[in-house]
Amino acid sequence: LISSAGLFLFSSKSTSPPPLSPLFLGVSHNRARERKKKKKMEMAIDTPSPSPSVSPAPSAAAGRQTRAAESVRLEHQLVRVPLEALRATARTNHRLAEKEIAAVLSSASSAAAAPGESGSAAAVDHLTSLVSRLHGLKRKMEEGARAEELQVQRCRARLDRLAAASAGDDAEWEDIRLKRILVDYMLRMSYYDTATKLAETSGIQDLVDIDVFLDAKRVIDSLRNKEIAPALAWCAENKSRLKKSKSKLEFLLRLQEFVELVKAKNFLQAISYARKYLAPWGSTHMKELQRVTATLVFRSSTNCAQYKVLFEQNQWDSLVDQFKQEFYKLYGMTLEPLLNIYLQAGLTALKTPFCFEGNCPKEDPLSLDGFRKLAEPLPFSKQHHSKLVCHITKELMDTENPPLVLPNGYVYSTKALDEMAKKNGGKIICPRTGEECNYTELVKAYIS
Amino acid sequence: MVPLSQLEGCQKELNVALSKYLKVLEKSFNTDISKAYRNVDFEASTVNNIIANHFYRQGLFDLGDSFVHECGESDETYLKLPFQEMYGILEAMKARNLEPALTWAANNRDKLLQNSSMLELKLHSLQFVEILTRGSRDNALQYARTHLVPFASMHKAEIQKLMACLIWADRLEQSPYAEFVSSTHWDKLAEELIHQFCSLLGQSSDSPLSVAVSAGFQGLPTLLKLTTVMAAKKQEWQTMKQLPVPIDIGPEFQYHSVFVCPVLREQSSDENPPMLMPCGHAVSKQSIMKLSKSSSRPFKCPYCPSEAVASQCKQLHF
């Protein structure tokens, strides 16, 4: 009996590696894909060095390449987020597999150590249950591998998008780029429905991280509901990385829980809670710890401003903000929405004192109130060389289309005035003052 | 414990690959593009308003409505209705129906003429060609008599071309006037309609959000370099009133004439306007005052040997 049970044990043990090896293959496939990914990315980043040629056409193309390379360099968030999501999934899968296998093996070895106790039938049942547990694990690992595979594909999709930056249609690439950053803005502001709609209608689901933000949504919603548990669970999942970045999110969550206990007048519970959960943070955050624990004395009905604020509703809002910041940092995202960053840069580049004068052309975004308001605290742009724009044609007045000066001092481009003279038999009428003169009275201005 | 160690081996390999990938990313990309961001109050409601208008402008009405609903900014005036009208006209045009466009052009005839736009004529011409290609020469002629005649005096050449099309009625593609049946012609006309429609509305043709963000795409790399250099020199970025260096963005973003005096290297302003010297060169008023020392002594142009007196210099208006 014992020997047959032992044989059974050995045979079931020998069947345990095979269910796992397809998974190992899956994992090694992932690794091969990771290496391919890296190569691809290096190709996407590398700018082909501009050929030292004299003709203007190659240098225009080279200029385009450098601009594309510079644009691509700004897209860290695009490639980093799916990587972090992949790491998180891999971590969860690994932990699950390790735990299950360790549990099964220890259970199997304990059964082997005490075979005779419950009889061979019970031993066989025990082993069968372990085998089915392993089958269950195999299923879970296959699911996990599929999830990882999807995320690897998403990483690749991002790299493909960047590789397309210098090839083909610039206008389309930029249009998609604007849509991507609009989705990013809406996800950060919690406008999930519109973000999903925009992603779907533009077909950019692979280029945005809706699922990552929906994960965060669960925590954010719970915090708004005054529940600490999901946020604490998130901190536990990411413990090592939060510790590395010296995050105090967990501490703040614990403090809030403490204050809630004080609010509810569970003073004894509050004290034991503080002893258990707040004390470990004393070495690094003593001042804050002292301040909050003082609420025990002041209580929720206090009028003392310093402590009253700790009982306010918006403490929860600041917790949401704190969580968002940690979340963005963990995933390699910028702390500000991408839209704000690019919008600020654009407004700074466009801002001139002339935008705020009376006749700002409608084509300039800074002719609009909303943009003016946003641009108000931003610096003015600077120009080192004169750049003149014809009031009539809106084109640049340069050496190919030089400026001509009317007797009244108003300046327009040669193109515009030539056409006006042609239509009016040599007569020029200043569009802004109505004064008339002859084409022959115009004087060329030399402005570089 | 072979299975466990096998598993651990694989996991380790994957982790190593992932960390290598991470390192390559950190090396190849700029990991913090918010360095140039000014910590000012970028009010969400202003930005939301801009985004909502952007969606309506681009004809994404469902998206705009959903956005307005989600962000809760429902009491602002949006450009929804006028743009719905515009997209209605464009949709019809795509289906080769020019009626809404013609109605709009007729209703806004005066303003279009003020803008020196030939849009109404072009629409009628296209309609004429449509009727012709659909087979009926008589109907086309009738149409020309009703609608093209008012334009005859001003645009003789155009009308002549269209009349010549009558001869080639069933083989326009092989005629010298093949352009009238090409789809690019329709596309161009749609573009002109958008341009005129927006202009009459007092709006720009392109979405201002697209324009501002495009300028940002082009300008951010330079701004980031600037903040890095300033941080190294310990200069204050957050409170600076004017950038010390120019940001090169495309010429399409130049909306204002900027005159930089070649002598003093300063941008002109109301107090210091650009002045034209008799030789044709231009410098700022302050430069002239410096060069002439007193207002009646002649001074030499910094660029050429000719001399001038301050009173001979004329103020320029760009």
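Lettering of chains follows the sequences in order, A, B, ..., and the numbering in each one begins at 1. Scope of the values below: all heavy atoms of this structure, side chains included, with no hydrogens, waters or symmetry mates. Nothing here was measured: the structure is a model prediction, and the numbers come from that model.
Atom CD in B:Q315 sits 8.5 Å away from atom OH in A:Y410 (nearest 0.5 Å). From B:Q242, atom CD reaches atom CG of A:L378 across 13.5 Å, with rounding to the nearest 0.5 Å. Separating the CD atom in A:E336 from the CZ atom in B:R38 is a distance of 14.0 Å, to the nearest 0.5 Å. Note that OG of A:S381 and CG of B:D248 are 11.0 Å apart. Values are rounded to the nearest 0.5 Å. From A:L343, atom CG reaches atom CD1 of B:I51 across 8.5 Å, with rounding to the nearest 0.5 Å. The CG atom of B:L25 sits 6.5 Å away from the NE2 atom of A:H76 when rounded to the nearest 0.5 Å.
Under the 4.5 Å side-chain criterion, counting only non-hydrogen atoms from C-beta, B:F318 is not in contact with A:H391. Proximity of B:V40 to A:L374: side-chain heavy atoms (C-beta onward) are nowhere separated by under 4.5 Å. Here the side chains of B:Q11 and A:R95 are not in contact, with every heavy-atom distance at 4.5 Å or above. At least one side-chain heavy atom of B:Y255 sits less than 4.5 Å from a side-chain heavy atom of A:L350. Side-chain contact between A:L388 and B:V258 is absent, with no heavy-atom pair separated by less than 4.5 Å. A:T334 places none of its side-chain heavy atoms less than 4.5 Å from the side chain of B:Y37.
Only the backbone of A:S190 comes within less than 4.5 Å of a heavy atom in chain B; its side chain stays farther off. Heavy atoms closer than 4.5 Å to chain B are found in the side chain of A:Y185, but not in its backbone. For a residue to count as touching a neighbouring chain, one of its non-hydrogen atoms must lie under 4.5 Å from one of that chain's; by this rule A:L338 touches chain B with the side chain only. Looking at B:T31, the atoms closer than 4.5 Å to chain A (heavy atoms on both sides) sit in the backbone and in the side chain alike. With a 4.5 Å cut-off on non-hydrogen atoms, A:Q77 does not touch chain B at all. The parts of B:S214 that come within reach of chain A are both its backbone and its side chain, each placing non-hydrogen atoms under 4.5 angstrom from that chain. Contact of A:L396 with chain B is made through the side chain alone, with heavy-atom distances under 4.5 Å. Proximity to chain B (any heavy atom under 4.5 Å) is shown, for A:Q383, by both the backbone and the side chain. For A:I447, the part lying under 4.5 angstrom from a heavy atom of chain B is the side chain only. Contacts of A:N408 with chain B are made by backbone atoms alone, with heavy-atom separations under 4.5 Å and no side-chain atom involved. When heavy atoms are compared at a cutoff of 4.5 Å, A:A90 approaches chain B solely by way of its side chain, counted from C-beta outward. In this structure, no portion of A:R91 lies under 4.5 Å from any heavy atom of chain B. Looking at B:L220, both its backbone and its side chain come within 4.5 Å of chain A, counting heavy atoms on both sides. The contact between A:I341 and chain B is made by backbone and side chain atoms together, counting heavy-atom distances below 4.5 Å.
Counting only distance, with no hydrogens or angles, the side chain of B:S257 and the backbone of A:V389 share a donor-acceptor pair below 3.5 Å. The backbone N or O of B:L18 sits nowhere less than 3.5 Å from a side-chain atom of A:R87 that would complete a donor-acceptor pair. Remark: side-chain polar atoms of B:K314 are paired, donor with acceptor, to backbone N or O of A:P407 under 3.5 angstrom. In this structure, the side chain of B:Q267 does not engage the main chain of A:K382 through any donor-acceptor pair within 3.5 Å. The main-chain N or O of B:Q218 is never found under 3.5 Å from a side-chain atom of A:R67 such that the two would form a donor-acceptor pair.
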Open item on the list: I'd like to know whether B:V213 forms a side chain to side chain contact (heavy atoms under 4.5 Å, CB included) with A:R177, so could you lay out the CA-CA distance, the side-chain angles of the two residues, the decisive distance to 0.1 Å, and finally the verdict.
Closed with: CA-CA 10 Å; B:V213 172; A:R177 191 179 188 180; over 6 Å; no

TODO: Test side chain to side chain contact (heavy atoms under 4.5 Å, CB included) on B:F55 and A:L182 and set out the steps.
DONE: CA-CA 11 Å; B:F55 284 142; A:L182 281 173; 4.1 Å; yes

Open item on the list: Assess the residue pair A:E363 and B:Q203 against the criterion (side chain to side chain donor-acceptor pair (under 3.5 Å)); give the C-alpha distance rounded to whole Å, side-chain angles, the decisive distance to 0.1 Å, and a yes or no.
Closed with: CA-CA 8 Å; A:E363 305 296 328; B:Q203 299 288 327; over 6 Å; no

Open item on the list: Go through it in stages, so that I can follow the logic: the residues are A:L74 and B:L224, the test is side chain to side chain contact (heavy atoms under 4.5 Å, CB included), and I'd like the CA-CA distance, side-chain angles, deciding distance and then a yes or no.
Closed with: CA-CA 10 Å; A:L74 300 175; B:L224 287 171; 3.6 Å; yes

Task: Check against side chain to side chain contact (heavy atoms under 4.5 Å, CB included), B:L7 and A:M141 - done: CA-CA 12 Å; B:L7 185 66; A:M141 287 182 78; 3.8 Å; yes

TODO: I would like to know whether A:E70 and B:K225 meet salt bridge (Lys or Arg N to Asp or Glu O under 4.0 Å); could you show each step before the answer?
DONE: CA-CA 11 Å; A:E70 280 193 332; B:K225 283 190 202 138; 3.2 Å; yes

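In this structure, B:S268 and A:F354 approach most closely via the heavy-atom pair O-CZ, 3.8 Å. Closest heavy-atom contact between B:L209 and A:F371: N-CZ, 3.8 Å. Closest approach of B:L63 to A:T194, counting heavy atoms only: O-CG2, 3.7 Å. Among all heavy-atom pairs drawn from A:L368 and B:P208, the shortest one is CD1-CG, 3.5 Å. Listed here is the closest heavy atom pair of A:R73 and B:S28: NH1-O, 3.2 Å. A:P379 and B:L243 get closest at one heavy-atom pair: CG-CD2, 3.9 Å.
Most heavy-atom pairs under 4.5 Å with chain A, from the set B:S34, B:G280, B:S19, B:S205: that is B:G280. For the options B:S269, B:P262, B:A212, heavy-atom pairs under 4.5 Å to chain A are most numerous at B:A212. Ranked by heavy-atom pairs shorter than 4.5 Å toward chain B, the options A:A102, A:P361, A:G332 are led by A:P361.
Salt bridge annotation for A:K197-B:E70: absent, with no cationic side-chain nitrogen under 4.0 angstrom from a carboxylate oxygen.
Checked against a 6.0 Å centroid threshold, the rings of B:Y303 and A:Y446 do not count as neighbours.
Within 6.0 Å of the CD atom in B:Q238, the count of heavy atoms belonging to other residues, nucleotides or ligands exceeds 12. The local environment of NE2 in B:H69 is sparse, with at most 12 non-hydrogen atoms from other residues, nucleotides or ligands closer than 6.0 Å. Summarising the local packing, NZ of B:K23 is surrounded by 12 or fewer heavy atoms from other residues, nucleotides or ligands at distances under 6.0 Å. Around the CG atom of B:N115, the shell of radius 6.0 Å holds more than 12 heavy atoms that belong to other residues, nucleotides or ligands.
Taking the ring axis of B:F29 as reference, the NZ or CZ atom of A:R80 does not stay both within 45° of it and closer than 6.0 Å to the ring centre.
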